[in-house]
Every structure is written in C-alpha cells, then in structure tokens.
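Note that this is a predicted model, so its numbers are computed, not measured. Letters A, B, ... mirror the listed sequences (proteins, then strands); counts begin at 1. Values reported hereafter were calculated over all heavy atoms of this structure, with side chains retained and with hydrogens, waters and symmetry mates removed.
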2 protein chains.
Amino acid sequence: MAEHIHADHCNTSMDHIPCDEMLYDLAELYKVFGDSTRVKILCILFEGEMCVQHISEMLSVSQSAVSHQLRILKGARLVKYRRDGKIVYYSLADDHVRKIIGCGIEHISE
Amino acid sequence: MAEHIHADHCNTSMDHIPCDEMLYDLAELYKVFGDSTRVKILCILFEGEMCVQHISEMLSVSQSAVSHQLRILKGARLVKYRRDGKIVYYSLADDHVRKIIGCGIEHISE
DNA sequence: CAAACATATGAATAACTGTTCATATGTTTA
DNA sequence: TAAACATATGAACAGTTATTCATATGTTTG
C-alpha cells in the first residue's frame, strides 16, 4: 500500500537515481525474496495454484511456517489466494515474480 | 564462487523448478539487495565509479559501514573495484544489477 | 451442533544482520 | 621515515527475523 504512494512520486525508469523512499521500498521487496523458504514457495507456485498443505509437504516445512511466510508474500503482493471450502489456494499475483527470479538466476549462473 | 558450481548443475530457464541449491543461492543474492544502504550504494554506482569516502558522504553513512557493505556487494559479485593510490573506486560489476533493480522498481510502481 | 479438518496467528526463542568503535593495513607526501 | 590519509576489518551490541508451539478462526460433514 505504502509502496504505491511512494512510487507515484518517483521515477520508474533508470535514467535518474530513484528517490530514497523508493529505494527503501525496493529493499523491503528484495528482503521478501531473501529467504529460501519463500523463494521455494514462489517457485512451486510457478507450476500453478497450490494449497497450503501441499506446499508444506513439498518443502518439508511445517504448516505454520508456510502460513507465516505466505502472509509475508501476500503483504508484498507477490501471491494471491482464493478459498474453496476449507482449502485455500495460493498462486502468483502477477508475472513480476517470474521476471525478478529470472533476473536473479541469470546473475547466479552467468 | 560456490554459486557457479551449483548453477552449472541446474537449469537456467524457468521451464522447470530450479534445484534446491540454486534457490538457496538465489535467496542469498536477494538478501544482498534486501538492505536499503546496499541498494542505495548500487544506485549511486549507476552514475559511474565512485570512491568509498564519496559514497559515505552521499549516503550520510559512516565510512566503516559503507566499507562493510561494499565487502558484501563484492562477495556477491555485484560490484568491482580498482585502486588508484590510496583511493579505491567501486563500480557495478555488470548490467545484471541494473536489470534486477529495474525489475523490482517495476513491481513496486505498478 | 459436535467433531474433524485446513489455515491463520500470537508469543517465545534462537539465529542472523547492520552499525559502531577501535584499530589495522596500505599508500602518499613532507 | 614519520605523519597524514583512505580503506578494511574484528568484536560487540542492538535490532530483526524465521521457526516452533499452542491455540484461534473458519469450514465441512456426520
């Protein structure tokens, strides 16, 4: 939410140095990617939507831990969810995630 | 260094889920971007090479703190440096940095 | 409605991280 | 070579964070 407010005041292109608030928000965003559990969750969601339990099993991470991390991913607007009965399905919010992770992989595997 | 070893064993494209080691390395990379001081340093270096003292002044961050952060950026192969007398000039290692930060800004300002 | 199930959440703890301070290393110049 | 300067680095401390555990919320089914 706050990101939007800041972002509107700043330039999006890389022609000039982004303003301070934007750089702060940017760091906040990358912090979200800076945890292997969260990155793994995101990559699992590349395949399509998935429920919490399934994610938990695939990663061998407790349901609680996954849920906590999903909350953070939600907060960064990286994932969205829909409820179907008692099951909640999570999926990627948009294509930025794929792009950002793609950029990172490019750097590591250069 | 280790990243290279892992990366070679994994797929770079996004067709399949990247392997565990790669996702771990990826999180490590994003962790580096996940600090506003470091992001600011990187953005300052968009303008070209710059010495430690100058960076320190521009950010109003102590010389020591900047130096510590530059070490981390160096470790992630995001910046390179050259020594000219007593002054050390830092600059971006390659264009990945610009790309990664560009992706991030795109997301925040959507 | 009660029991079972799926998910979310608050508190606590252990591990990690960024800054500061003091000092070391390396380079120039007087 | 001594002093001054630029940078690097180790230790310590404060603040942050990810997981666990216990439990709450919300949903279905018997």
Rounded to whole angstrom units, what separation is found between the CG atom of B/Leu59 and the P atom of C/dG18?
15 Å

Rounded to whole Å, please give me the gap between CG in A/Leu70 and P in D/dT19.
11 Å

Sort and list the pairs that fulfil ring-ring contact (aromatic ring centres under 6.0 Å, His included) and have at least one residue in residues 64-89 of chain B, not counting sequence neighbours.
B/Tyr81-B/Tyr90

So, are A/Asp20 and B/Lys40 salt-bridged, with charged N and O less than 4.0 Å apart?
yes

Which nucleotide in D/dT9, D/dT7, D/dT20 has an atom nearest any side-chain atom of B/Ile87
D/dT7

Can you tell me if the side-chain N/O atoms of A/Arg38 get under 4.0 Å from OP1 or OP2 in D/dA18?
yes

Between C/dA6 atom P and A/Met50 atom CE, what is the distance in whole Å?
16 Å

A/Ser62 vs D/dT20: side-chain N/O to OP1/OP2 distance below 4.0 Å
yes

Could you check how far NZ of A/Lys74 sits from C1' of C/dA8, rounded to whole Å?
8 Å

Nucleotide C/dT19, atom C1' - distance to CD1 of B/Ile41 in whole Å:
13 Å

Mind telling me whether A/His96 and B/His107 have parallel, tilted or perpendicular rings, with 30° and 60° as the class edges?
perpendicular

Can you tell me whether the side chain of A/Ser64 and the base of D/dT19 have a donor-acceptor pair closer than 3.5 Å?
no

Nearest-nucleotide check on DNA chain D, A/Lys86 vs A/Ile72; residue mapping nearer the 5' end is A/Ile72

Could you check how far CG of A/Asp35 sits from P of C/dC16, rounded to whole Å?
13 Å

Answer yes or no as to whether C/dT19 has its base stacked against B/His68, where stacking requires a ring-centre separation under 5.5 angstrom and planes under 30 degrees apart.
no

Nearest whole angstrom, please: distance from the C1' of D/dA18 to the NZ of A/Lys40.
13 Å

Linking I/L/V/M/F/W/Y whenever their side-chain heavy atoms sit closer than 4.5 Å, directly or via other members, would B/Ile72 and B/Met50 fall into one cluster?
yes

Give a yes/no on whether any side-chain N or O of A/Gln63 is located under 4.0 angstrom from OP1 or OP2 of D/dT20.
no

Taking CD from A/Gln53 and P from C/dA8, how many angstroms apart are they, rounded to a whole number?
12 Å

Any donor-acceptor N/O pair, B/Ser109 side chain to B/Ile105 backbone, under 3.5 Å:
yes

Side chain of A/Lys31 only, please: which of C/dT27, D/dT17, D/dT9 is the nearest?
D/dT17

By nearest-nucleotide position on DNA chain D, the 5'-leaning member of B/Tyr90 and A/Thr37 is B/Tyr90

